[in-house]
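Take a look at the structure set out below.
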Amino acid sequence: MSKAKANPGLAYEDTPPLSAPLRFFLTAPLFGICAGLVLIFGDDVLSSRWTPGALAVVHLFAAGFMLQVMVGALQQILPVVAGARFPAPMSIAAISHVLLLLGASGLAGGFALGVVDALIGGAVLLVTGISVFLVAGLISLLRSPSLKTNSHAPRDLRLALVGLGVTAVLGLILALTLGAGLSLPLPLPTVVDMHAAWGWLGWGGTLLAATSWVVVPMFQITPGYPARFTRWWAPGVLAGLVLWSLAHALETKVTGMVLGVALVAVFAAFALLTLHLQSRTRRSTPDAPFRAFRGAMGAMLAGLLALSINLVHDADHWSVLAGVLILHGGFGGAISSMLYKIVPFLAWLHLTQAGVRAPNMKKLLPDTPVRQQLRLHLAVLLALVLAVFVSALGPLAGMLMVLEFGWLLFNLVRVLHAWKSAREADEPLRARPS
Amino acid sequence: MSTIAELMTHDHRACDHDFARAETLAAKADWSGAAEALDAFARALNAHFDAEEQHLFPAFEAATGMTHGPTHVMRAEHRDMRDALERLQAALRAQDGDDFAGEAETLLIMMQQHNMKEENMLYPMCEAHLARVQDELCTLLSQALAAEHTA
């Protein structure tokens with residue numbers, strides 16, 4: 001290893017400016033608000049996964065809320081965990097942010113309103129934004145030193161990026177099929193299933209797992225995940241997805257179903273193991289984000305059950321229920337609880353690095369509004385689950401969802417205000433001649 | 001003989017357990033118990049920092065010639081964490097439960113993001129550069145950690 005390469009992203013100056021990740025975190029809840037609005041104003045949105053409203057909500061959630069937070073957080077975590085330094089981090093953040101923002105909005109708008117040009121334009125912008133991020137990520141990872149570590153998180157973060165790439169390509173193909181009459185060699189629903197499976201497991205699930213390998217034992221002070229489990233989990237999922245996709249493409253139904261069940265079981269094993277480790281935390285005072293993370297794992301498991309039923313009994317409500325539980329309950333809960341740790345810490349870190357006396361994390365963001373917002377998250381999940389079976393409840397679930405994400409945004413903006421006040425309070429002190 | 005990464009990572013976890021004990025007792029408002037546990041944590045944390053600053057980092061700097069590289073950053077973060085520990089101790093002396101919980105949360109996240117950098121980057125880099133003296137260095141580090149834990 002050369003000396004130039006031996007100095008990975010450990011320097012303070014390598015921490016990207018606060019605005020680089022923060023812009024993603026602040027615009028992410030807007031997509032949740034829009035998803036709520038679609039539920040309020042759409043017709044029977046949750047009656048099937050194929051309704052224009054359902055397609056819009058899923059993409060507002062997955063390609064909007066989730067993707068924004070995940071891309072923002074990766075720009076922060078890749079330097080720390082994998083020693084990857086993004087080239088021109090501010091430009092990459094600015095360009096990918098705008099492209100993802102416009103892309104997800106166009107795509108969801110195209111679905112909701114049936115505007116084909118918006119659908120294609122949105123998909124192209126989204127895929128371009130993802131490509132900018134992936135190419136920058138690839139360059140940074142190629143430049144990072146290859147070190148032998150006992151942790152599988154750096155490798156699995158890379159695998160999640162592969163999952164994101166595959167999901168994006170399949171999504172673009174689907175948009176061109178729907179909008180521009182591209183003819184597919186496979187039935188459309190087959191490709192839709194592949195797109196969804198790669199997005200859910202190859203990208204979201206693998207990223208959540210790779211993050212959990214680090215976050216759960218270290219921040220929640222639990223025993224570590226068994227090394228044998230983390231060594232095989234993500235490569236196993238990726239291999240399983242490839243085989244399942246092939247089986248699906250070749251229309252070998254039984255093999256496809258067996259592999260589908262295996263993938264569900266592997267993800268369930270991750271959720272169960274995480275719950276088990278968390279039950280052995282040494283921290284005696286589980287706070288609201290910790291409980292929300294456990295709740296998210298529970299929702300994932302319930303979602304997997306619905307998905308398993310859907311494998312053998314193809315009624316519309318099972319797939320919608322699985323989507324609600326996995327996307328809103330699982331990823332939504334886990335992401336909200338992580339945001340409540342990441343944003344105050346970043347504010348604290350940047351104040352401290354600027355030599356400002358930083359208020360502690362609970363002063364930057366008190367427990368009470370966090371606890372209340374996370375309780376509302378659970379209420380929204382319950383309303384969504386009921387709305388799958390009683391469609392008249394859809395608009396109510398939508399209204400609650402608008403409140404949920406509005407409140408999340410409000411809580412994050414609170415941190416920003418506390419950060420600004422701390423800087424302003426410190427200025428007269430620093431202006432004083434020493 | 002364990003490797004540098006195994007030894008130091010194990011000590012990170014030992015520090016975490018001391019931290020969790022102090023946090024648990026403070027949450028129960030058992031201030032005398034919390035004071036004792038926090039003392040044990042402070043000793044463990046300082047022993048860890050001292051072992052790195054006096055043995056591991058100089059060896060890395062000598063082997064690589066980098067004095068303004070990762071070890072420089074790690075020393076700066078040690079300073080930040082020593083400051084955060086002082087604020088935690090002040091909250092404990094004031095028996096202010098809310099302040100203690102906030103300072104504890106802040107120190108924990110600071111500490112863990114620092115540990116992530118060391119465990120994923122710095123320790124593997126040390127092992128790559130210090131392979132020839134690894135056994136000797138591990139003995140020194142173990143002694144430093146053990147001696148100061150019981151001091």
Side-chain angles (χ1 to χ4, degrees), chain A residues 1-15 76-77 79-84 144-151 153-154 214-215 217-224 281-285 287 289 341-342 344-346 348-349 352-353 357-367, chain B residues 3 5-6 9 12-13 16-21 23-28 60 63-66 68-74 76-77 80 83-84 87-88 91 98-129:
Chain A
M1 188 176 16
S2 73
K3 281 184 184 173
K5 266 195 157 184
N7 183 12
L10 287 187
Y12 266 171
E13 51 271 28
D14 284 345
T15 309
Q76 196 70 33
I77 204 173
V80 177
V81 174
S144 71
S146 60
L147 292 168
K148 198 177 143 285
T149 71
N150 289 327
S151 165
V214 179
V215 167
M218 293 182 82
F219 294 86
Q220 301 178 347
I221 315 190
T222 73
T281 176
R282 285 179 182 254
R283 299 191 78 184
S284 60
T285 45
D287 57 4
K341 296 290 175 190
I342 297 171
F345 178 68
L346 287 181
W348 182 88
L349 186 68
T352 303
Q353 287 181 1
R357 169 85 169 84
N360 71 50
M361 282 183 55
K362 286 186 194 283
K363 284 185 179 144
L364 287 166
L365 182 57
D367 279 338
Chain B
T3 66
E6 283 164 3
T9 301
H12 279 166
R13 297 300 169 269
D16 290 351
H17 295 168
D18 287 336
F19 169 90
R21 202 157 60 87
E23 196 185 35
T24 301
L25 292 166
K28 288 182 192 157
F60 178 82
T64 60
M66 283 195 299
H68 279 80
T71 50
H72 176 69
V73 184
M74 294 297 103
E77 293 195 353
D80 286 344
D83 291 347
R87 290 195 292 275
L88 189 60
D98 287 345
D99 214 29
F100 187 92
E103 295 297 347
E105 182 75 18
T106 311
L107 175 58
L108 178 70
I109 299 202
M110 176 75 208
M111 195 160 74
Q112 298 303 2
Q113 65 95 38
H114 174 83
N115 291 354
M116 280 201 287
K117 292 178 192 172
E118 289 191 338
E119 291 170 24
N120 286 305
M121 308 302 307
L122 185 65
Y123 296 159
M125 284 163 74
C126 284
E127 287 184 357
H129 286 285

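All chains are named by letter (A, B, ...) in the order of the sequence lines, taking the proteins before the strands, and each is independently numbered beginning at 1.
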Against chain B, label [X] side chain, backbone, both or neither, depending on which of its atoms sit under 4.5 Å from a heavy atom there.
X	result
D367(A)	neither
V214(A)	side chain
F219(A)	both

Exercise for the section: Go through the steps to decide whether E6(B) and Y123(B) satisfy the test side-chain contact (heavy atoms from CB on, under 4.5 Å), and finish with yes or no. Expected result: CA-CA 9 Å; E6(B) 283 164 3; Y123(B) 296 159; over 6 Å; no

Output the option from [options] having the highest count of non-hydrogen pairs under 4.5 Å with chain A.
options	value
D98(B), L108(B), D16(B)	L108(B)
T9(B), L25(B), I109(B), N115(B)	I109(B)
E103(B), K28(B), H17(B)	H17(B)
R21(B), H72(B), Q113(B)	Q113(B)

Exercise for the section: Just jot down the side chain to side chain contact (heavy atoms under 4.5 Å, CB included) partners of A104(B), sequence neighbours excluded, or say none. Expected result: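 Side chain to side chain contact (heavy atoms under 4.5 Å, CB included) check on A104(B) returns F19(B), E23(B), L88(B), F100(B).
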
Exercise for the section: Give a yes or no on this: more than 12 heavy atoms of other residues, nucleotides or ligands lie within 6.0 Å of atom CZ of R282(A). Expected result: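 It does not: R282(A) CZ has 12 such atoms or fewer within range.
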
Problem - Heavy-atom pair of closest approach, residues A84(B) and L107(B) - result: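 The answer is CB-CD1, 3.8 Å.
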
Handout entry: Residue among H12(B), H114(B), Q112(B) satisfying side-chain hydrogen bond (donor to acceptor under 3.5 Å, both in side chains) with E119(B)
Key =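 When side-chain hydrogen bond (donor to acceptor under 3.5 Å, both in side chains) is applied between E119(B) and each of H12(B), H114(B), Q112(B), only H12(B) qualifies.
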
Problem - Heavy-atom contact with chain A under 4.5 Å, split by part of D83(B) - result: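 Contact with chain A is absent: no heavy atom of D83(B) under 4.5 Å.
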
Exercise for the section: Would you mind checking which part of R87(B) comes under 4.5 Å of any heavy atom in chain A, side chain (CB onward), backbone (N, CA, C, O), both or neither? Expected result: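 For R87(B), the side chain is the part near chain A, not the backbone.
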
Practice task
Could you walk me through whether M74(B) and M121(B) pass side-chain contact (heavy atoms from CB on, under 4.5 Å), step by step?
Solution key: CA-CA 11 Å; M74(B) 294 297 103; M121(B) 308 302 307; over 6 Å; no

Practice task
Walk me through it: do D287(A) and K341(A) pass the test side-chain contact (heavy atoms from CB on, under 4.5 Å)?
Solution key: CA-CA 11 Å; D287(A) 57 4; K341(A) 296 290 175 190; 2.6 Å; yes

